Amino acid sequence: MSKELLYNINGNRTGEFKKFLDGINGEPRIAWYPSAGEDFRALLYLDPSYSKINPASELEPQSPDIFLFTDYYPWKYSTFLDHSIIYMDSRTMVIVDHIEELPKLNLPLHEELVHFKEGSQVTDKALFLKIRIVSEILGTISYPVIYAFAENESFYCNKLVPYKAHISHIIHIRYGGGCGGGGNASGVWLVNVLKNLNCELFVTDGHYYWQTGDEFALTLCPSITRESNVQLTPIRVLKSESWSGHGDVSWNLVK
């Protein structure tokens, strides 16, 4: 289950991540953001403070307890996470209050999926982060984040599936698809695993269509079905420029 997955990622570490896990009663609610890059907006947009100001048209699922970011991150000369303040504009500041290196993931990269098979110096590493966001509109919010520098499909097949993880929220924004060195998949296969992951809310920019990488994902992980067996009900739409500039973003209940 989800807690077992997180303990597996923690390995034998005895730091802040283990303290967080030991303090959870029951199963944690996990929001998964594949191809997250350096985008921490999901922490704001899935927080109750945002829902209060921008109510959905139907009852929204309970917010996550922890965020799980995956991205194989091929950029060799990035300064991402080199400083405690990782983003700042006139209205928002994103601060890393704690960073802890976890055991290597030992996950493969597939040339059928990624553009840079060699990855970078961070690929296959995992970090536990405590992220604090100071927003002029929403106030201060804090969340724990696991950043797994891994191929999304490998992580799904080798981590989420074996542990039968429940993922309450999935964020599908700017999912590779050949943009900026991302890869050869659009992430359309995610729609077909929502039920497998017991997902309750799917947040998407709508850019999903079958590419060669998505087809390969079916071969890589047989639990990914060809067809979707869920109904998506939109409950909120955010204009493109307020998130990624890659299309309007919709919050969808998974039924």
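None of these values were measured; they are calculated from a predicted model.
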Main-chain N/O of [Y] paired with [X] side-chain donor or acceptor, under 3.5 Å:
X	Y	result
Ser186	Val188	yes
Lys76	Gly119	yes
Asn252	Ser250	yes
Ser240	His246	yes
Thr92	Asp89	no
Lys159	Leu107	no

Tell me whether [Y] is reachable from [X] by hopping between hydrophobic residues (I, L, V, M, F, W, Y) whose side-chain heavy atoms are closer than 4.5 Å.
X	Y	result
Ile86	Ile95	no
Ile24	Phe17	yes
Phe67	Tyr87	yes
Ile141	Met88	no
Tyr175	Leu232	yes

Could you check if a side-chain atom of [X] sits within less than 4.5 angstrom of a side-chain atom of [Y], using non-hydrogen atoms only?
X	Y	value
Phe80	Tyr73	yes
Lys3	Pro28	yes
Leu253	Pro61	yes
Ser242	Val249	no
Val145	Leu43	yes
Leu238	Asn54	no
Phe128	Pro144	yes
Pro74	Val114	no

Ionic contact status for [Y] with [X], cut-off 4.0 Å:
X	Y	result
Lys19	Glu100	no
Lys130	Glu16	yes
Arg226	Glu215	yes

Distance (rounded to the nearest 0.5 Å) between [X] [atom1] and [Y] [atom2]:
X	Y	atom1	atom2	answer
His172	Asp205	NE2	CG	6.0 Å
Thr140	Arg132	OG1	CZ	7.0 Å
Leu201	Ile167	CG	CD1	13.0 Å
Ile9	Ile146	CD1	CD1	6.0 Å
Asn196	Thr225	CG	OG1	6.5 Å
Arg41	Trp243	CZ	CH2	8.5 Å

If you look at every heavy atom in [X] and [Y], which pair is closest and at what distance?
X	Y	value
Ile173	Thr204	CD1-C, 4.1 Å
Ser63	His169	C-CE1, 4.1 Å
Ile137	Arg91	CD1-NH1, 4.1 Å
Glu38	Ser78	OE2-OG, 3.3 Å
Val254	Cys199	CB-O, 3.3 Å
Ala165	Leu197	O-CD2, 3.7 Å

Query - Member of Tyr143, Tyr50, Tyr33 meeting the ring-ring contact (aromatic ring centres under 6.0 Å, His included) criterion with Tyr45 - result: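 Of Tyr143, Tyr50, Tyr33, ring-ring contact (aromatic ring centres under 6.0 Å, His included) with Tyr45 is met by Tyr50 alone.
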Query raised in the report: So with a 6.0 Å cut-off around CD1 of Ile53, is the heavy-atom count from everything else above 12?
Result: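 Enclosed.
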Query raised in the report: When you look at Tyr209 and Asp214, which way does the side chain to side chain contact (heavy atoms under 4.5 Å, CB included) test go after all the steps?
Result: CA-CA 9 Å; Tyr209 40 88; Asp214 299 289; over 6 Å; no
Query raised in the report: Hey, mind stepping through Tyr156 and Trp189 against ring-ring contact (aromatic ring centres under 6.0 Å, His included) and telling me if it holds?
Result: CA-CA 11 Å; Tyr156 172 78; Trp189 63 272; 5.3 Å; yes
Could you check whether [Y] and [X], counting side-chain N and O atoms only, form a donor-acceptor pair closer than 3.5 Å?
X	Y	answer
Tyr7	Asp22	yes
Trp32	Thr70	yes
Glu27	His166	no
Ser35	Asn152	yes

Report task. Go through the steps to decide whether Glu151 and His110 satisfy the test side chain to side chain donor-acceptor pair (under 3.5 Å), and finish with yes or no. Result -> CA-CA 8 Å; Glu151 179 186 280; His110 299 88; 2.8 Å; yes
Requested in this report: I would like to know whether Leu6 and Ile66 meet side chain to side chain contact (heavy atoms under 4.5 Å, CB included); could you show each step before the answer?
Outcome: CA-CA 10 Å; Leu6 298 181; Ile66 186 170; 4.3 Å; yes
Requested in this report: Report the C-alpha distance between Ile235 and Glu60 in whole Å, list the side-chain angles of each, state the deciding distance to 0.1 Å, and finish with yes or no for side chain to side chain contact (heavy atoms under 4.5 Å, CB included).
Outcome: CA-CA 8 Å; Ile235 60 171; Glu60 197 164 358; 4.2 Å; yes
Query - Criterion side chain to side chain contact (heavy atoms under 4.5 Å, CB included) on Lys104 and Asp124, from CA distance to verdict - result: CA-CA 6 Å; Lys104 290 192 69 173; Asp124 206 45; 3.4 Å; yes
